[in-house]
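Here's the structure, in structure tokens; my notes come after.
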Amino acid sequence: TACARNRNCELQTLAEELGIREVRVRVEPRGYEVDDSSLSVVRDPDKCILCRRCLQTCSEIQGVSGLRIRGRGYDSLVGSAFDTPLGSALCVNCGQCINRCPTGALTERSAIAEVWEALEDPELFTVVQTAPAVRIALGEALGMPPGQIVTGRLTTALRLLGFDRVFDTDFAADLTIMEEGYELIQRVTEGGVLPQLTSCSPGWIKFIEHFYPELLPNLSTCKSPQQMFGAVAKTYFAEVAGVDPAKMRVVSIMPCTAKKFEAARPEMRASGFQDVDYVLTTRELAQMIKEKGVD
């Protein structure tokens, strides 16, 4: 019951459907260390059932091929290429392996404890931004019909959790469009590199950095909406609200584990501080709402 995938585990569900109540062939855990070196993905080899879905997803769908099988037979183990820690491996932090994993062998790196600590500190001013997809996916995570829009209830839940201000990342997306449009005009009129490429996905950006570095001059220099919001929150909004940016914590609710990696990139400090302090996935927010007992 302490597993992150408890009640949301394909293996557990299958065992229940087949009426399996006892384990006839008991296999003891091998005692592998949990690999939490990545900013986005945590790998627990003891929970891996060697289904190889993550390998197929990484290589055939995402085109990254950052995972491999080591050893044979009973000694087989899914890991990163050359057995390097996941944080140092060729990985774009997209989290698609987590979505395909039927157990708790692959999970997102949780920031729940850090966010609770910030919310409970009376000296900190906590600001949260929510991505558009979250208000569609959150309801399903809390037992509502898939696709139900819960914008108002999401905002209320975030205030009940203790956030001082709730913002929508759509606003920062408008800023991004304006900045990218300005940059494109500048490139066209002043002879910059064309075509101009852009994406709000940090996984896509990291994919370009790893596999197509020759296209880096084509990338827009604009930050993603998440990072633009963090920079604006700790500069313009902090000034308007009369809050010391050193005492402000910006939390993002995002549908993408790569956002966790993006927020920690060393260049994302336009405000003089880390622009976005913590990133939660939709699943993590649902867990916090349940922990708080919000209906």
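One-based numbering along the sequence shown.
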Regarding [X] and [Y], do their side chains bring together a donor and an acceptor under 3.5 Å, going by distance alone?
X    : Y    : result
Q12  : E16  : no
T126 : D164 : yes
R52  : Q56  : no

For F229, the option from F171, Y236, F167 that meets ring-ring contact (aromatic ring centres under 6.0 Å, His included):
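By the ring-ring contact (aromatic ring centres under 6.0 Å, His included) criterion, F229 pairs with just one of F171, Y236, F167: F167.
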
So for atom [atom1], which belongs to [X], do other residues, nucleotides or ligands contribute more than 12 heavy atoms lying within a distance under 6.0 Å?
X    : atom1 : result
N6   : CG    : yes
E117 : CD    : no
E214 : CD    : yes
Y74  : OH    : yes
K223 : NZ    : no
L215 : CG    : yes

Using side chain to side chain donor-acceptor pair (under 3.5 Å) as the criterion, point out the one residue from E179, R187, E183 that pairs with S220.
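Output: one option passes, namely E183.
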
How many angstroms lie between CG in D244 and NZ in K234, if you round to the nearest 0.5 Å?
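NZ of K234 is found 10.5 Å from CG of D244.
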
Side-chain ion pair, E108 and K260, N-O less than 4.0 Å:
no

Close side-chain approach of V42 and D35, heavy atoms under 4.5 Å
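Contact flag for V42/D35 side chains = no.
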
Relative to each other, are the rings of F125 and F237 parallel, tilted or perpendicular (30° and 60° limits)?
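Tilted.
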
T257 pairs by side-chain contact (heavy atoms from CB on, under 4.5 Å) with which of S40, C94, P202, S38?
S40

